[in-house]
Undergrad: 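Got a structure for you, questions after.
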Amino acid sequence: METITKVSIKDKIISEFELSKNSLFGDSTIRKNALDSFAKLGIPGRKSEEYKYVNMELALKGDFAFSSPNPFAAQQTRLSEGQVETASILKTAIVVVIENGVFSANNSRLGVLPKGLIIQNISDATNLDSFKAHYSNYADVASDAFIALNTALASGGVFIHVAKSAVIELPIHIIHINTCSVPTIVNARNLVVVEENAQTTIVESFVVSSNSTKVFNNALSEIVVAANANVKHYKIQDEGDVGNLVNTTQVYQKKQSVFSTNNLTLSGSLVRNNLTIVLDDEFIESHLNGLYLTKGTQVVDNHTLVDHRKPNCNSNELYKGIIDEKSAATFNGKIYVRKDAQKTNAFQSNKNILLSDDGTINTKPQLEIYADDVKCSHGTSTGKLDEDQVFYLRARGLSEASAKKLLMHAFASEVVNTVELEELKSYLEAEISNRFE
Amino acid sequence: MNNTNSSVTDIESDNAPKGLNEDIVRFISKKKNEPEWMLEYRLKAFAYWKTLEEPTWAHVSYKKPDFQDIIYYSAPKPKKELKSLDEVDPELLKTFEKLGISLEEQKRLSGVESRIAVDAVIDSVSVKTTFKETLSEKGIIFCSFSEAVQEHPDLIKKYMGTVVPYTDNFYAALNAAVFSDGSFCYIPKGVRCPMELSTYFRINASGTGQFERTLLIADEGAYVSYLEGCTAPMRDENQLHAAVVEIVTHKNAEVKYSTVQNWYPGDKNGKGGIFNFVTKRGICLEDNSKISWTQVETGSAVTWKYPSVILKGDNSIGEFYSVAVTNNYQQADTGTKMMHLGKNTRSTIISKGISAGFSNNSYRGLVRIAKGASNARNFSQCDSLLMGDKCGAHTFPYIEIKDKTAIVEHEATTSKIGEDQIFYCKQRGIDTEKAIGLIVNGYCKEVLNQLPMEFAVEAQKLLAVSLEGSVG
């Protein structure tokens, strides 16, 4: 009898590392360490508490190639000018294109960079002091298998540095675009360092080209916000049916800094967001907003962790979702207040609307608190569209469909209104309208 | 209550040897003169238990008990039929008296309107069941579990393990294999139980684990309010307690189950204390039935307890009211599960956690709305109060919804006692300690109001005692 030996995805990843380790950028000990950690953790299964509601093993089933830093690899050459154009939501922005996990200089539109701003291929930045001081310092490879995987196999990405007191007016738009011709695991890695008193706005979007095959995108961004700095961060996830996205954002904040993020999930077969914000000094402010609109058989899993390490900080979190058809959405938010973090104010809210009989919502808001002089709360609610509200609008002459549309718009607007970029806001509003047609 | 706990009742125990194996299971079964089917059930559970590993997901850390270092059976001997309280071992009565819940008092209460029937359990064997006659007139069966096995095997066979099967979890399997005794209660069709039924559990002999099993059945249209109180004398060793409680309600029936748990929490340095790993679950089997859990948890070194309700019948109602207090090095991971299966089901969860000293107090709860459980409604509120900066309060709610007509809300807050509140009290001549007692009682009022009167008074005192010395 013939025996078929199937190579597990974990073993494949480990052997891929052996093959490609010499062509990858950066410190080899960091990579080796990450791989060891990955070998120990493995792909999290359904029994894993952190990945309880999302089937990672299923998403990684089948044969995968790996994103490679080699620019001559076949899958690197499939991007056309028009595709970049479509993906550029912002008319005036510094556009960085990351194609299949590698910084694409040809397609990026950097123009003349304003003073104090460095944007370059992450694999060319490894000798910079600011790279060495921060790279892989925040995303802990021991804590999560996908952080470990990314750190071990990161093929490329962008390094952004905003110098002390520089105020960057133009938003920086990082477009992660996948154009793979065969199913591929893409490990893009970005590092954003914003120095003291500096300000910037960063938009990350995740899309695939129309000719792309199934892709497993394991993207990781580390963002360092130094004292008094102000960073606005947006993520737009729109990878369609072929996209499987694990998106880790690791934020580290210092004294009196302000960081706000908006996580907007529009499509994707599977989207898993791991957002961790560490507030490692006093008087820090963090704002986390999220909106997810799911349909079909989509699975969206939002994981957030706000780690209050020092006193006198504020964090505010609002995630909203509209779930339709057979899709499933999860919100798992954790607020962690350490022993020293007195006078912490931390608030978290998650609201969902379930439109269909086959949809699923799982929410798991968690508070873990070790300091006593704090004000922390979380609230979550799930329901259908309020029939009284629908009735009110219909009594005023609106059709049932447009009444519902209006209410869903109103529901989503609480998050959309926190978007400060006008262009982005109107883009989102249009997307939401299309969705409810 | 601290001082009253510090004594051990001298009743000779008829112990099984230490350790756990098939022979011990057989020994327990034989000791209790059980029929063959019961022994088979125990052995099946034991075989299954051996395949399991201890769960580690709870937010608690402790030295795992050595299951081979526990005495699984200890019964006070000798046992003869007692007609009046005078015949009860005076040592035992003294212990009860020290706790302020003496049988004498219960007896006296019997002359008054509010009556409580007590099924006293000392180290796993029912010593005395009072008020049996009054109850049997109504057709109510209220006896020890082993008695029920002998006298009502059909009921036991029909219901035992239907709500908490031995495959449910590690401790439920262990309990099914080695349970020593417990209480059994059956309320027949249309009967409203005329008095509060009550069991006082005590763990007594050193090094014995207590594994009781309670089964409560309310037939069509029946009502019963059941009280469970627990307290244990001071012991240095950690003692294991793994009980199982099952409740079944039929059409239009209602069960109210109240617990005050005051087991020895260990000393100020976290030495000793009870490990309390309990599986409690009720099922609203048929339409319009209701199960309500109320608990006041002040004792135990480690608590791991999730009284749950399966809302199977249409229009059924589940409730969970809880106050959990942890002080010194106590750890509690407690909450509830509400499984909505039937249509128009409703559930309410009110949980109040108070942590002081070096303790950790977690709420962990699940609300699940199954597909087709239309118009389900849940409201949860979990508040935590922190006293001091060395303790922790945590909330881990799980909400899983598969039906679009469900409306589910969850709220949680964490804060400390306001300085202005204490100031206000002090200004009016109330010292800090008393002020805190007052504020804490107010904070827990929603839950304490659910308790029967006698219990509410005891619970209030307990809260004050548990938090003694936690401030200033």
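When reading the values below, keep in mind they use all heavy atoms of this one structure, side chains included, and skip hydrogens, waters and symmetry mates. In the text below, chain A, chain B and the rest are named by the order of the sequence lines, each starting its count at 1.
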Undergrad: So which part of A/Thr382 gets closer than 4.5 Å to some heavy atom of chain B, the side chain, the backbone, both or neither?
TA: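 Contact with chain B involves both backbone and side-chain atoms of A/Thr382.
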
Undergrad: Would you check, one step at a time, whether the test side-chain contact (heavy atoms from CB on, under 4.5 Å) holds for B/Lys404 with A/Ser356?
TA: CA-CA 6 Å; B/Lys404 69 168 176 183; A/Ser356 68; 5.6 Å; no

Undergrad: For A/Gln348, is it the side chain, the backbone, both, or neither that has a heavy atom closer than 4.5 Å to a heavy atom of chain B?
TA: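 A/Gln348 has no heavy atom closer than 4.5 Å to chain B.
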
Undergrad: With a 4.5 angstrom heavy-atom cut-off, could you sort out which part of B/Ala406 is near chain A: side chain, backbone, both or neither?
TA: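 For B/Ala406, backbone heavy atoms alone lie under 4.5 Å from chain A.
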
Undergrad: About how many Å separate CG of A/Asp373 and NZ of B/Lys416, when rounded to the nearest 0.5 Å?
TA: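 Spacing of NZ (B/Lys416) from CG (A/Asp373) equals 3.5 Å.
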
Undergrad: Checking B/Asn361 against chain A: side chain, backbone, both or neither under 4.5 Å from a heavy atom?
TA: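 Nothing of B/Asn361, per the 4.5 Å heavy-atom cut-off to chain A.
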
Undergrad: Non-hydrogen atoms of chain B under 4.5 Å away: do they reach the side chain of A/Lys52, the backbone, both or neither?
TA: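 Only the side chain of A/Lys52 comes within 4.5 Å of chain B.
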
Undergrad: After noting the C-alpha distance and the side-chain angles of B/Lys402 and A/Thr360, does the key distance pass the side chain to side chain donor-acceptor pair (under 3.5 Å) rule?
TA: CA-CA 5 Å; B/Lys402 289 192 193 292; A/Thr360 303; 3.2 Å; yes

Undergrad: Does some side-chain heavy atom of A/Tyr370 sit less than 4.5 Å from a side-chain heavy atom of B/Asn360?
TA: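 They are in contact (side-chain heavy atoms under 4.5 Å apart), so the answer is yes.
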
Undergrad: Tell me, side chain or backbone of A/Glu368 under 4.5 Å from chain B's heavy atoms, or both, or neither?
TA: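 Answer is both: backbone and side chain atoms of A/Glu368 are under 4.5 Å from chain B.
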
Undergrad: Supply the atom-to-atom distance A/Asp340 CG to B/Asp389 CG, rounded to the nearest 0.5 angstrom.
TA: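 Those atoms lie 8.5 Å apart.
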
Undergrad: For A/Ile369, does its backbone N or O pair with a side-chain atom of B/His394 as donor and acceptor, under 3.5 Å?
TA: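 Pair found, side chain donor or acceptor close to backbone of A/Ile369.
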
Undergrad: Could you tell me the separation between the OG1 atom of A/Thr363 and the OH atom of B/Tyr398, rounded to the nearest 0.5 Å?
TA: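 These two atoms lie 11.5 Å from each other.
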
Undergrad: Is it the backbone or the side chain of A/Tyr53 that comes under 4.5 Å from a heavy atom of chain B, or both, or neither?
TA: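 Contact with chain B involves the side chain of A/Tyr53 alone.
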
Undergrad: If you measure from CG on A/Leu367 to OG on B/Ser384, what distance do you get to the nearest 0.5 Å?
TA: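 Rounded to the nearest 0.5 Å, the CG-OG separation comes out at 7.0 Å.
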
Undergrad: Which value, rounded to the nearest 0.5 Å, describes the distance between A/Ile323 atom CD1 and B/Ile401 atom CD1?
TA: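 Taking CD1 in A/Ile323 and CD1 in B/Ile401, the distance rounds to 9.5 Å.
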
